[in-house]
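Given the structure is predicted, the values throughout are model-derived calculations rather than measurements. The sequence lines fix the lettering, A, B, ..., with proteins before strands; numbering per chain opens at 1.
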Protein chains: 2
Amino acid sequence: MIRILLADDEHLIRTALGQMLDLEDDLHVVAQAARGDEAVRLAVEHAVDVAVLDLQMPGLDGIAVAEQLAQRLPRCGCVIVTSHGRPGHLKRALAAGVRGFLPKTTSSVTLASVVRTVQAGGRHVDPELAAEAIAAGDSPLTPREADVLELAASGAPIDEIADRAALSPGTVRNYLSNAMSKLDAANRHEAVATARRLGWI
Amino acid sequence: MIRILLADDEHLIRTALGQMLDLEDDLHVVAQAARGDEAVRLAVEHAVDVAVLDLQMPGLDGIAVAEQLAQRLPRCGCVIVTSHGRPGHLKRALAAGVRGFLPKTTSSVTLASVVRTVQAGGRHVDPELAAEAIAAGDSPLTPREADVLELAASGAPIDEIADRAALSPGTVRNYLSNAMSKLDAANRHEAVATARRLGWI
DNA sequence: AATTGCCCATGACGTCTGTCATGGGCGCGG
DNA sequence: CCGCGCCCATGACAGACGTCATGGGCAATT
């Protein structure tokens, strides 16, 4: 019997997935969480075999949860399920020790089988996402550029970004200019959109 | 026995929800669709009693499907389920004749009960969303302003927007300026963010 | 020790953008 | 009929923004 933690902030989805997994004879959902921090706590508390994590959650996101669990519950395998599969997320997830990565568009039979694979120590990432990740390559942004771009994401004017990043406005513009050229964007907002699409911020 | 069409582009979610609804004695999912146009076709073909629709789908979105069904299958009730409940969407949905509106964060028992309510001719909208919708009020944007703002959403420069809207660049700037003041934003990108958040574009 | 790359900053230049004033055409309701 | 609001447009101005050249400090690599 494989003991599972299920984490997703959407109640409806979480219980539906839970019921579905419970229908399998060898799978048992022993805990559910709506938030990332809650997920870590419950996973450790119940010493689950596999954690099925939504990527976007309040508190900690799925990848952060996986990082925590890799340290605090090394025997637990992590499967990440997501609506929007950005290439960058896959990379970060794999770096965090995640062994299963699926978009929510995959067929339902896959999930159970991936849970079993991961519990057995195997890996499974969605082939299409894997291809995208390879095609997208690594982020060309330096850490600082990514920071600044992230701050620019809300649409704030330069001065506010500079203020929040504790940089001079000129420096902010330089970083953004660099990021824009690297991302082949005509302005920083386009750059933000591209970086988001590729999961680089 | 209430006959249901279930439409959601996320395969995993769709089958999970389907199984969950099928567990209820009086509910039966007779058709599933991954796209809006497919949903309309199947709903008519099976003459379903209730359509459970995801808001964001390829093809037609949930509201567009509801509009079609209101004409082509008037006896069918529509329930819209969504991840991101923007106030504006609720308004548009109600205008399209939708009688059930739920965020995916609601508890799972609610869905079945809302399906029954809607089938019986009743209404149910999530109280929290309703409150937000009332608080947000109606969109202050003129149709043309909304158009232009939508085109600006991708981060394109003014000239491109003007080109795609068949307007002069000056006019575009005027519209955007109006929208920005109405939305209390410092630049058009902030305006886009606000309008999106409120479901006005 | 030298090179390379990232981090931070400044200043100057030209363009893009947002604002404001203004005006004409059009449809709707008083 | 006459206002009113929306649609479209132009022109001018100030400030924001993107680009470029330049330079110093620092860590890692060679």
Donor-acceptor list for residues 188-196 of chain A side chains, cut-off 3.5 Å, not counting sequence neighbours:
| unit_1 | atom_1 | unit_2 | atom_2 | d |
| --- | --- | --- | --- | --- |
| R188(A) | NH1 | A156(A) | O | 3.2 |
| H189(A) | NE2 | H189(B) | NE2 | 3.1 |
| E190(A) | OE2 | A186(A) | N | 3.3 |
| T194(A) | OG1 | E190(A) | O | 2.9 |

Please tabulate, one pair per line, all N/O donor-acceptor pairs under 3.5 Å involving side-chain atoms of residues 65-82 of chain B, not counting sequence neighbours.
| unit_1 | atom_1 | unit_2 | atom_2 | d |
| --- | --- | --- | --- | --- |
| T82(B) | OG1 | H84(B) | N | 3.3 |
| T82(B) | OG1 | H84(B) | O | 3.3 |

Return all side-chain donor-acceptor pairs below 3.5 angstrom for residues 12-19 of chain B, not counting sequence neighbours, or 'none' if the list is empty.
| unit_1 | atom_1 | unit_2 | atom_2 | d |
| --- | --- | --- | --- | --- |
| R14(B) | NE | Q32(B) | OE1 | 3.2 |
| R14(B) | NH1 | D8(B) | O | 2.7 |
| T15(B) | OG1 | S108(A) | OG | 3.3 |
| T15(B) | OG1 | H11(B) | O | 3.1 |
| T15(B) | OG1 | L12(B) | O | 3.1 |

Solution key, residues 50-59 of chain A side-chain donor-acceptor pairs under 3.5 Å, sequence neighbours excluded:
none

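One end of the helix from dA1(C)-dT30(D) to dG30(C)-dC1(D) points its axis 30° away from the other end's axis, with each axis taken from 5 pairs and the angle rounded to 10°.
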What does the list of N/O pairs under 3.5 Å between the protein and nucleotides 12-16 of chain C look like, with a distance for each?
none

Show the distances under 3.5 angstrom between N or O atoms of the protein and N or O atoms of nucleotides 4-7 of chain D.
| unit_1 | atom_1 | unit_2 | atom_2 | d |
| --- | --- | --- | --- | --- |
| dC7(D) | OP1 | R144(B) | N | 3.4 |
| dC7(D) | OP2 | T142(B) | OG1 | 2.6 |

Distances under 3.5 Å only, N/O to N/O: pair up the protein atoms with those of nucleotides 26-30 of chain C.
none

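Residue pairs satisfying the ring-ring contact (aromatic ring centres under 6.0 Å, His included) criterion with at least one member in residues 43-70 of chain A, sequence neighbours excluded, are absent. Residue pairs meeting the side-chain hydrogen bond (donor to acceptor under 3.5 Å, both in side chains) criterion with at least one member in residues 160-171 of chain B, sequence neighbours excluded, are S168(B)-T171(B). Among pairs with a residue in residues 125-140 of chain B, those fulfilling side-chain hydrogen bond (donor to acceptor under 3.5 Å, both in side chains) read K91(B)-D138(B), at least two apart in sequence or across chains.
Considering only residues two or more places apart in sequence or on other chains, E150(B) meets the side-chain contact (heavy atoms from CB on, under 4.5 Å) condition with I201(B).
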